[in-house]
Protein chains: 2
Amino acid sequence: MENKQKIRDILNAAGLRPTRQRLDLGVLLFTGEDRHLTAEMLRDDAFANNIRISLATIYNTLHQFTEAGLLREVAVSGAKTYFDTNTGDHHHFHLEDGNTVLDIAHGELKVEGIPTPPEGMEVSQIDIVVHLRSSKSD
Amino acid sequence: MENKQKIRDILNAAGLRPTRQRLDLGVLLFTGEDRHLTAEMLRDDAFANNIRISLATIYNTLHQFTEAGLLREVAVSGAKTYFDTNTGDHHHFHLEDGNTVLDIAHGELKVEGIPTPPEGMEVSQIDIVVHLRSSKSD
DNA sequence: GTGTTTGCAAAGTGTTTGCAATTTA
DNA sequence: TAAATTGCAAACACTTTGCAAACAC
């Protein structure tokens, strides 16, 4: 499977040992479309693909990948932490069901007038979450 | 104490019975400056003011106030839920220490180009969090 | 009095940690 | 083989819930 080799390269570049678990998760995360997922979603996905990985390792791996710049943590709302495989500059829709996060295409949304941070502080990131509710008018 | 009467009016208007706990918390929340706080911060604040209230009631009250439109829930990051006594249209700074949330004055920041929500959805709220880190260059 | 609210303790989520066993280089 | 990684179970932080006692109207 050529996917595995690609992931192996990514891990090497990030200085992470290509263990079975990291390779398997890497394939799930970095093959195909960009995704937003929680630790639990990834665990379920792994299970569905007959990959046995403990939740602790899922968490470890997600954080290592994030530290290596392969993922981006997204704080949308509530208790769960989402990880985004799209590390580029973009923002998010968050659905009221509390379980769905979608990308807003880069450029579709812009901030105007970044406010001056308080003394001794600087902006490290700007997160915009557009909360959505269903517009049923029945 | 005239504060108590003001809070009593607010509670009445919101259809909430003016119980001792709701009055006391109301005074803490709606007297003086706008605040951002977690349930635990409010509990500590209450204790410091010799007000005995269980954490369960703090949570209940925060949610009831939020539902009544007296507070606004702010999802900045991490596990804790912040409640903002400023229910107006504004956004937030979030400090890297993970414990401080500050208002960005209304108008200092604007979104340009609100993206089209997916089919059947409509925008219910836009949250902007400007994450800050200390700019120490020592 | 009657329905609402409170407070406790217990249960529930989502996440992290300690550490022995396993795997990688 | 030495160092890094895994997995389990236990610990954790934050929040919610069930229900009897207390309270507001």
Side-chain angles (χ1 to χ4, degrees), chain A residues 4 7-26 28 36-47 50-68 70-71 73-83 97-99 101, chain B residues 4-5 7-26 28 36-47 51-68 70-71 73-83 97-99 101:
Chain A
K4 275 236 161 91
I7 304 301
R8 193 178 292 273
D9 293 344
I10 292 175
L11 291 177
N12 275 328
L16 293 168
R17 284 189 181 179
T19 64
R20 172 180 75 73
Q21 289 83 345
R22 297 213 269 237
L23 283 168
D24 286 346
L25 294 181
L28 291 180
H36 303 87
L37 30 69
T38 62
E40 214 183 345
M41 288 161 78
L42 183 54
R43 201 259 319 259
D44 292 349
D45 197 4
F47 258 72
N50 291 308
I51 299 167
R52 282 210 105 244
I53 299 192
S54 77
L55 197 50
T57 298
I58 302 261
Y59 276 105
N60 285 339
T61 304
L62 285 171
H63 286 137
Q64 289 151 359
F65 283 9
T66 300
E67 219 159 300
L70 303 176
L71 293 175
E73 219 171 312
V74 184
V76 280
S77 151
K80 290 176 206 159
T81 304
Y82 281 79
F83 293 86
D97 68 13
N99 280 321
V101 176
Chain B
K4 276 240 161 89
Q5 187 52 49
I7 304 301
R8 193 177 293 272
D9 294 344
I10 292 175
L11 291 177
N12 274 328
L16 294 169
R17 283 191 182 175
T19 63
R20 173 180 73 73
Q21 290 83 345
R22 299 213 266 236
L23 283 168
D24 286 348
L25 294 181
L28 290 181
H36 303 87
L37 30 69
T38 62
E40 214 184 344
M41 288 161 78
L42 184 53
R43 200 257 321 258
D44 292 349
D45 197 3
F47 257 73
I51 299 167
R52 283 210 104 244
I53 300 193
S54 78
L55 196 51
T57 299
I58 303 260
Y59 275 105
N60 285 338
T61 305
L62 286 172
H63 287 136
Q64 289 153 359
F65 283 10
T66 301
E67 219 159 302
L70 304 175
L71 294 174
E73 219 172 312
V74 185
V76 281
S77 147
K80 288 176 205 159
T81 304
Y82 281 81
F83 293 86
D97 68 13
N99 281 320
V101 176

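Letters go in sequence order (proteins before strands), and every chain restarts at 1. All values derive from a computational prediction rather than experimental measurement.
For B:Ala79, the side chain to side chain contact (heavy atoms under 4.5 Å, CB included) test picks out no residue, with sequence neighbours left out. The salt bridge (charged side-chain N to carboxylate O under 4.0 Å, His left out) search around B:Glu40 returns B:Arg43, not counting sequence neighbours. In this view, B:Gln64 and B:Arg22 satisfy the side chain to side chain donor-acceptor pair (under 3.5 Å) rule, not counting sequence neighbours. For A:Asp9, the side chain to side chain donor-acceptor pair (under 3.5 Å) criterion is met by A:Gln5, not counting sequence neighbours. B:Asp44 pairs by the side chain to side chain donor-acceptor pair (under 3.5 Å) definition with nothing, not counting sequence neighbours. Qualifying side chain to side chain contact (heavy atoms under 4.5 Å, CB included) partners for A:Asp24, counting only residues two or more places apart in sequence or in other chains: A:Lys4, A:Arg20, A:Ile51.
The minimum heavy-atom distance linking A:Ala75 with B:Val76 is given by the pair CB-O, 3.5 Å. Taking both residues in full, the closest heavy atoms of B:Leu23 and B:Pro18 are given as CD1-O, 3.7 Å, listed atom of the first, atom of the second, then distance.
Between A:Leu11 atom CG and C:dA25 atom C1' the separation is 15 Å, expressed in whole Å. Protein atom CG of A:Asp24 is 11 Å distant from nucleotide atom P of D:dT6, rounded to whole Å. A:Ile51 places its CD1 atom 12 Å from the P atom of D:dG7, with the value rounded to the nearest Å. Atom CD1 in A:Ile58 sits about 17 Å away from atom C1' in C:dT17, given to the nearest Å. Taking atom CD1 of A:Ile53 as the reference point, atom P of D:dG7 lies 6 Å away to the nearest angstrom. Across the protein-nucleic acid pair, A:Leu62 atom CG and D:dT5 atom C1' stand 15 Å apart, rounded to whole Å. Residue A:Phe83 contributes atom CZ, which lies 7 Å from atom P of C:dT15 at whole-angstrom precision.
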Nucleotide by nucleotide, nucleotides 14-25 of chain D touches protein heavy atoms under 4.0 Å in the pattern (B base, S sugar-phosphate only, - none) SBBB------BS
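In secondary-structure terms, DNA chain D builds stems of at least 3 consecutive Watson-Crick or G-U pairs, each pair having both distances under 3.5 Å, at C:1-25 with D:1-25.
OP1 or OP2 of D:dG7 has at least one side-chain nitrogen or oxygen of A:Ser54 nearer than 4.0 Å. In terms of phosphate contacts, A:Gln64 brings no side-chain nitrogen or oxygen within less than 4.0 Å of OP1 or OP2 of D:dA4.
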Atom pairs and distances, side-chain donor-acceptor, residues 54-62 of chain B, under 3.5 Å, sequence neighbours left out:
from	atom 1	to	atom 2	distance (Å)
B:Ser54	OG	B:Thr57	N	3.2
B:Ser54	OG	B:Thr57	OG1	3.2
B:Asn60	ND2	B:Ala56	O	3.4
B:Thr61	OG1	B:Thr57	O	2.7

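Among the atoms of the strands shown, only primed sugar atoms or phosphate atoms (P, OP1, OP2) are found under 4.0 Å from some heavy atom of A:Arg52.
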